[in-house]
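Here's the structure we're looking at; comments come further down.
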Amino acid sequence: MSAPPPPIPDDSAPAVAFEARIDAGETIEPKDWMPERYRHQLVRMMSQHAHSEIVGMLPEGNWITRAPSLRRKLCLLAKVQDEAGHGLYIYCATETLGVARAELIDQLLSGKAKYSSIFNYPTLTWADIGCIGWFVDGAAIVNQTVLAKASYGPYARAMVRICKEENFHKRQGYEIVATLASGTPAQRAMVQDAVNRWWWPTLMMFGPSDVNSPNSADLLRWRVKRFSNDELRQRFVDLTVAQAQAVKLTLPDPKLRYNTESKHWEFGEIDWAEFKQVISGNGPCNRERLGARRAAHAEGAWAAAAFAEKQRRRSAAPAA
Ligand code: BYC
């Protein structure tokens with residue numbers, strides 16, 4: 001995406017009225033006046049979010065044919081379908097800002113648009129499916145529950161339903177993890193290995209630390225974000241430590257310790273060099289993920305063309 005327009009001080013009447021509405025906690029709707037920079041920030045963040053849902057189907061989709069039972073297969077199928085639905089709601093919400101979905105998809109397929117770093121890691125064992133539900137959907141709930149109160153109405157409303165579904169996703173993941181954690185020594189070792197691999201990338205999902213987050217100032221001021229990246233990351237850690245203890249799994253961080261004064265779990269330094277590599281296209285699976293999306297797009301092009309032709313014929317037909 002192009003860079004957002006610079007933050008020019010604007011004391012025009014519509015701009016002043018817009019800021020007053022934000023300060024009063026009002027919801028902004030598609031036909032309301034909004035600063036170009038607000039619109040641009042929303043398109044950037046919402047389209048990245050929609051892409052994440054769609055690309056996020058791939059690591060789990062890989063395990064549908066290998067789920068260990070019919071019940072697990074049904075749950076996983078339903079979950080992956082839900083992610084497609086989430087992508088579609090958010091693309092629709094983004095379109096209310098006057099941008100065409102085809103343009104957003106082109107940005108994804110050309111590699112210009114970002115999507116969540118987490119989906120560039122491989123799913124090596126069945127335990128990874130448990131960890132995605134527990135950690136990745138757990139992180140998404142922490143982030144998106146707050147976005148359900150974002151100032152832009154269509155985005156906030158999409159989050160309400162998405163969060164309900166994410167709760168089911170998290171429970172199915174944690175149940176897989178808990179089952180493996182109370183299983184044979186080999187199952188325990190498999191799930192501990194998955195926890196070791198997914199923990200740190202999950203913490204990176206919340207974005208760079210606040211001092212290195214160039215978009216946060218705009219998004220917090222305009223109440224798109226209600227909490228900073230670091231605040232939400234801390235909330236996720238605080239919630240998850242007890243869940244790990246309950247199933248006797250170890251989070252791979254020797255610096256993890258409870259601070260009795262702040263009442264938060266302190267944690268070690270995130271590997272920001274790795275994060276930068278992954279978001280610049282050089283993670284373990286970036287090429288594979290984009291390759292899969294490009295192939296799906298090319299293979300589905302006939303359906304899009306047939307639908308466009310049907311629409312053309314329908315609008316050309318004389319009214320009955
Ligand atoms: N990965 O200024 P910052 C799901 C980028 S899917 C990649 O802090 P911002 C699920 C950032 O975009 C749910 N890029 O940005 C699906 C920016 O780049 P540009 C995924 C990242 O926007 C299937 C630059 O770094 N959730 O749950 O203020 C199966 C500087 O960052 C990441 C969402 O999309 C990252 N992790 O804050 C299972 C949540 N982090 O555009 C589950 C919605 C940062 O300036 N998004 N970047 O080039 C957000 O809440 C915010 O956009 C973020 C980043 C907290 C992610």
Side-chain angles (χ1 to χ4, degrees), residues 1-4 40-63 76 79-87 89-90 93-94 107-108 111-121 123 128-129 131-148 150 152 155-156 158-159 162-163 165-170 172-173 198 200-222 224-233 236 270 272 274-281 283 286 289:
M1 285 204 58
S2 56
H40 189 287
Q41 279 286 21
L42 283 173
V43 171
R44 181 192 65 78
M45 178 171 160
M46 291 166 64
S47 60
Q48 287 178 10
H49 191 164
H51 299 327
S52 304
E53 300 282 357
I54 299 299
V55 178
M57 297 165 71
L58 296 168
E60 289 176 289
N62 280 343
W63 278 89
L76 186 57
K79 178 183 192 293
V80 172
Q81 273 183 351
D82 284 353
E83 310 298 359
H86 299 176
Y89 308 150
I90 307 171
T94 315
Q107 288 170 1
L108 172 67
K112 248 167 77 185
K114 291 193 173 72
Y115 57 86
S116 184
S117 48
I118 193 75
F119 301 117
N120 292 307
Y121 290 85
T123 39
D128 292 33
I129 301 304
C131 277
I132 292 184
W134 175 27
F135 286 167
V136 177
D137 289 281
I141 291 169
V142 168
N143 172 275
Q144 293 172 175
T145 307
V146 189
L147 288 175
Y152 189 56
Y155 193 28
M159 288 305 121
I162 291 177
C163 282
E165 293 176 351
E166 299 292 20
N167 271 305
F168 151 66
H169 298 173
K170 182 182 168 187
Q172 69 84 39
W198 286 92
W200 290 104
T202 304
L203 296 192
M204 295 175 196
M205 275 181 79
F206 292 91
S209 63
D210 295 349
V211 283
N212 291 316
S213 167
N215 300 294
S216 278
D218 277 350
L219 295 171
L220 287 165
R221 176 163 69 93
W222 282 322
V224 176
K225 283 181 172 179
R226 310 297 294 261
F227 293 95
S228 74
N229 296 357
D230 287 333
E231 285 169 328
L232 291 180
R233 188 170 9 249
F236 171 78
I270 290 171
W272 294 116
E274 176 180 324
F275 174 72
K276 279 195 191 126
Q277 279 296 314
V278 176
I279 68 169
S280 11
N286 294 61
R289 300 292 181 240

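Everything numeric in this text was worked out from a predicted model, so none of it was measured. Order of listing sets the numbers, starting from 1, for every ligand and every atom in it.
- Using modelled atom types, one finds no donor on one side chain facing an acceptor on the other under 3.5 Å when comparing Gln48 with His51.
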When you check ligand 1 against the protein, what N or O pairs turn up below 3.5 Å? List the atom names and distances, or just say none.
unit_1: ligand 1; atom_1: 1 (N); unit_2: Ser117; atom_2: N; d: 2.8
unit_1: ligand 1; atom_1: 1 (N); unit_2: Ser117; atom_2: OG; d: 3.3
unit_1: ligand 1; atom_1: 2 (O); unit_2: Ser213; atom_2: OG; d: 3.2
unit_1: ligand 1; atom_1: 2 (O); unit_2: Pro214; atom_2: N; d: 3.2
unit_1: ligand 1; atom_1: 2 (O); unit_2: Asn215; atom_2: N; d: 2.9
unit_1: ligand 1; atom_1: 2 (O); unit_2: Asn215; atom_2: ND2; d: 3.0
unit_1: ligand 1; atom_1: 8 (O); unit_2: Ser213; atom_2: OG; d: 2.7
unit_1: ligand 1; atom_1: 8 (O); unit_2: Asn229; atom_2: ND2; d: 2.9
unit_1: ligand 1; atom_1: 12 (O); unit_2: Arg44; atom_2: NH1; d: 3.4
unit_1: ligand 1; atom_1: 12 (O); unit_2: Gln48; atom_2: OE1; d: 2.6
unit_1: ligand 1; atom_1: 12 (O); unit_2: Gln48; atom_2: NE2; d: 3.3
unit_1: ligand 1; atom_1: 15 (O); unit_2: Asn215; atom_2: ND2; d: 3.4
unit_1: ligand 1; atom_1: 18 (O); unit_2: Lys114; atom_2: NZ; d: 3.3
unit_1: ligand 1; atom_1: 22 (O); unit_2: Arg44; atom_2: NH1; d: 3.3
unit_1: ligand 1; atom_1: 22 (O); unit_2: Arg44; atom_2: NH2; d: 2.8
unit_1: ligand 1; atom_1: 28 (O); unit_2: Lys225; atom_2: NZ; d: 2.6
unit_1: ligand 1; atom_1: 36 (N); unit_2: Ser117; atom_2: OG; d: 3.1
unit_1: ligand 1; atom_1: 36 (N); unit_2: Met204; atom_2: O; d: 3.2
unit_1: ligand 1; atom_1: 36 (N); unit_2: Met205; atom_2: O; d: 3.3
unit_1: ligand 1; atom_1: 37 (O); unit_2: Lys225; atom_2: NZ; d: 3.1
unit_1: ligand 1; atom_1: 41 (O); unit_2: Arg44; atom_2: NH1; d: 2.9
unit_1: ligand 1; atom_1: 41 (O); unit_2: Gln48; atom_2: NE2; d: 2.8
unit_1: ligand 1; atom_1: 45 (O); unit_2: Asn215; atom_2: ND2; d: 3.1
unit_1: ligand 1; atom_1: 48 (O); unit_2: Lys114; atom_2: NZ; d: 2.5
unit_1: ligand 1; atom_1: 50 (O); unit_2: Asn143; atom_2: ND2; d: 2.9

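- Using modelled atom types, one side-chain atom of Arg289 and one backbone atom of Phe119 make a donor-acceptor pair closer than 3.5 Å.
- We find that Lys79 and Asp82 are not joined by a salt bridge, their nearest charged nitrogen and carboxylate oxygen being 4.0 Å or further apart.
- Looking at Asn229, its side chain does come within 3.5 Å of a backbone N or O of Pro208 through a donor-acceptor pair.
- A side-chain contact (heavy atoms from CB on, under 4.5 Å) with Trp222 is found for exactly one of Leu219, Leu220, Asp218, namely Asp218.
- The aromatic rings of Phe206 and Phe236 sit tilted, their planes meeting at an angle between 30° and 60°.
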